[in-house]
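This report concerns only the one structure given below.
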There are 2 protein chains.
Amino acid sequence: MENIQKRIRDLYPLSEASFNKIAGRLTKVELPRGHVLFQANRIETSIYFLEKGIARAYCYDAEKEITFWFGFEGDVIFSYNSYVNNEPGYENVALLEDAVLYSIDNTVLQALFRSDLEIANWGRKLAERELIRTEKLFISRQFRTASERYHELLKAHPQLVQRVQLGHIASYLGITQVTLSRIRSENN
Amino acid sequence: MENIQKRIRDLYPLSEASFNKIAGRLTKVELPRGHVLFQANRIETSIYFLEKGIARAYCYDAEKEITFWFGFEGDVIFSYNSYVNNEPGYENVALLEDAVLYSIDNTVLQALFRSDLEIANWGRKLAERELIRTEKLFISRQFRTASERYHELLKAHPQLVQRVQLGHIASYLGITQVTLSRIRSENN
DNA sequence: GCAAACCTTTAACATATGTTAAAAAAACTC
DNA sequence: GAGTTTTTTTAACATATGTTAAAGGTTTGC
């Protein structure tokens, strides 16, 4: 819990009172590997803070499944379209390891946004941080080859390859598993 | 001006008082085609609302220039990294047509965020809207072929091809101009 | 209105990545 | 721990996109 609390406060400075309005509504959840947190085409009503474990967001197009996000300890897990527009999301999110999470109800959080200036700014920062992260990813995608992106990913998350199967990593990189295998075998 | 005012209010409901705090700090700017609004590696201090014209965001990697955003009438133009983190941005933004814009100083806006609940939530919505847009773009990138993305773009912005040169559109789609030419010649 | 600069298309060839399938390796299961 | 399932690698071939270069088209500016 302390870890998550620190993460929450690091995002935007909150007074004790405002912080407690959020912290008081967090519920601890322990869920097993494989559990599906969010499903596509549903309006999701919770937001999760991931304390332990790895999560993966993916969606389908025809038969093809594509992973487009990995969540690690400290990350916030939400279905953007449910969270922002109260509309069904397009992503599935599943746990790749047994996980410890803290959840908060989206309705509760939205009410806090409307009533508390500090929390509204905290929510602003949350969206802004995700925005920067997503844009960086998008730009890296245009500039780098698959091989470069793989090595970037290895550097940023060295434990990823130990903990996540390569098929998921390949689809996250926008390549097939076969291509990833080739990349891995070439240099070292 | 009315157009931009409507856009601002559509994002998040603002009382007359809060709205005027923003509107009162907007400055009209008319700038010619080719004008560079933002430059990479600089901290940009303004945000622009585009009333008329088209803008393009691009960045460089080695020699390669890549367009990753087009802005149209009604869009907000900002350098995410300057706006959010007060750090140098990685993008250039230039006008592709003579343009009419309204600018507001980022420092002013940030102060309003910290002091006005409605404006803080307005800022939250601004970031959230961009986040959804960026994520959709990112996912479309993974699922669609270059040809599909070109036709999607044509459908979403039919005037784009008349108004923007194809080299920019090609780099926006993540392909070379030669490939775009091939795509354009094949179907019709 | 002509020349220069810029933009777009086309062609020929090179390369990276995809597809399919099979073999090898690793991870589960009872 | 032997057998089953899942994951990863390797191979052979197919395809989309990149690269370079040249030829047409447009636009711009004097």
Side-chain angles (χ1 to χ4, degrees), chain A residues 32-36 53-54 56 58 60-68 70 94-98 140-154 157-188, chain B residues 32-36 53-54 56 58 60-68 70 94-98 140-154 159-188:
Chain A
R33 171 180 182 181
H35 181 87
V36 176
I54 296 188
R56 174 176 83 97
Y58 54 101
Y60 290 99
D61 186 74
E63 308 296 277
K64 209 164 110 191
E65 176 194 297
I66 286 185
T67 296
F68 62 94
F70 289 113
L95 297 172
L96 296 178
E97 298 182 345
D98 294 349
S140 144
R141 199 59 182 285
Q142 306 230 34
F143 277 117
R144 315 282 171 214
T145 64
S147 170
E148 287 169 337
R149 292 203 310 283
Y150 171 67
H151 292 294
E152 255 177 25
L153 185 66
L154 266 193
H157 298 286
Q159 47 358 349
L160 195 74
V161 175
Q162 334 299 337
R163 292 167 73 183
V164 174
Q165 66 196 54
L166 295 175
H168 293 153
I169 293 176
S171 94
Y172 176 80
L173 293 170
I175 56 182
T176 60
Q177 179 160 348
V178 174
T179 300
L180 179 55
S181 241
R182 278 195 281 242
I183 288 169
R184 282 161 57 81
S185 70
E186 66 197 24
N187 325 16
N188 64 63
Chain B
R33 170 179 183 180
H35 180 87
V36 176
I54 295 189
R56 174 175 83 98
Y58 54 102
Y60 291 98
D61 185 73
E63 308 296 277
K64 210 165 110 190
E65 176 194 297
I66 287 185
T67 296
F68 61 94
F70 290 114
L95 297 172
L96 295 178
E97 298 182 345
D98 295 347
S140 145
R141 200 59 182 287
Q142 305 230 32
F143 277 118
R144 314 281 170 215
T145 64
S147 170
E148 286 169 337
R149 293 203 310 283
Y150 172 66
H151 292 294
E152 254 176 25
L153 186 66
L154 266 192
Q159 46 0 345
L160 194 75
V161 175
Q162 333 298 338
R163 292 168 71 184
V164 173
Q165 65 195 52
L166 294 176
H168 293 156
I169 293 176
S171 94
Y172 176 79
L173 293 171
I175 57 181
T176 60
Q177 178 159 349
V178 175
T179 300
L180 180 55
S181 243
R182 279 194 281 241
I183 287 170
R184 282 161 57 80
S185 70
E186 67 197 23
N187 327 15
N188 61 64

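Note that the structure is predicted; figures quoted are calculated from it, not measured. We name chains A, B, ... by the order of the sequence lines, and we start the count at 1 in each one.
Taking each heavy atom of Thr67(A) and Ser171(A) in turn, the nearest pair found is N-OG, 2.7 Å. Pro32(A) approaches Leu95(A) most closely through the heavy-atom pair O-CD1, 3.8 Å.
Using a 4.5 Å cut-off on side-chain heavy atoms (C-beta onward), Tyr150(B) and Val161(B) make contact. Residues Tyr172(B) and Val164(B) fail the side-chain proximity criterion, which asks for heavy atoms closer than 4.5 Å. Residues Arg33(A) and Asp98(A) have side chains in contact (heavy-atom distance under 4.5 Å, counting atoms from C-beta outward). Between Ile54(B) and Gln159(B) there is no side-chain heavy-atom pair separated by less than 4.5 Å.
The distance between atom CD of Gln162(B) and atom C1' of dT27(D), rounded to the nearest whole Å, is 17 Å. Between the C1' atom of dT17(C) and the CD1 atom of Ile183(A) lies a distance of 9 Å, rounded to the nearest Å. In this entry the distance linking CG of Leu166(A) with P of dA27(C) reads 11 Å, nearest Å. Following rounding to the nearest Å, Leu96(A) (CG) and dA27(C) (P) show an atom-to-atom distance of 15 Å. We find that CZ of Arg184(B) is positioned 16 Å from P of dT17(D), with the value rounded to whole Å. Atom CD in Glu97(B) sits roughly 14 Å away from atom P in dT27(D) (whole-Å rounding).
Each of Arg33(B) and Thr145(B) has a nearest nucleotide on DNA chain D; the 5'-most of these lies closest to Thr145(B).
Between the CD1 atom in Ile66(B) and the NE2 atom in His168(B) there is a gap of 12.5 Å [rounded to 0.5 Å]. Distance check: His151(A) NE2 to Leu173(A) CG gives 10.0 Å after rounding to the nearest 0.5 Å.
Take Phe68(A) and apply the ring pair (Phe, Tyr, Trp, His ring centres under 6.0 Å) test, not counting sequence neighbours, and it matches no residue.
Looking at heavy-atom distances under 4.0 Å, Arg144(B) makes no contact with the nucleic acid at all.
Rounded to 10 degrees, the angle between the two end axes of the helix from dG1(C)-dC30(D) to dC30(C)-dG1(D) is 60°, with five pairs used at each end.
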What protein N or O atoms touch nucleotides 18-23 of chain C N or O atoms at under 3.5 angstrom, if any, and at what distances?
| from | atom 1 | to | atom 2 | distance (Å) |
| --- | --- | --- | --- | --- |
| dG18(C) | OP2 | Thr176(A) | N | 3.1 |
| dG18(C) | OP2 | Thr176(A) | OG1 | 3.1 |
| dG18(C) | OP2 | Thr179(A) | OG1 | 2.4 |
| dG18(C) | N7 | Arg182(A) | NH2 | 2.8 |
| dG18(C) | O6 | Arg182(A) | NH1 | 3.3 |

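Candidate nucleotides dT28(D), dT8(D), dT10(C) were compared by shortest atom distance to the side chain of Gln165(A), and dT8(D) ranks first.
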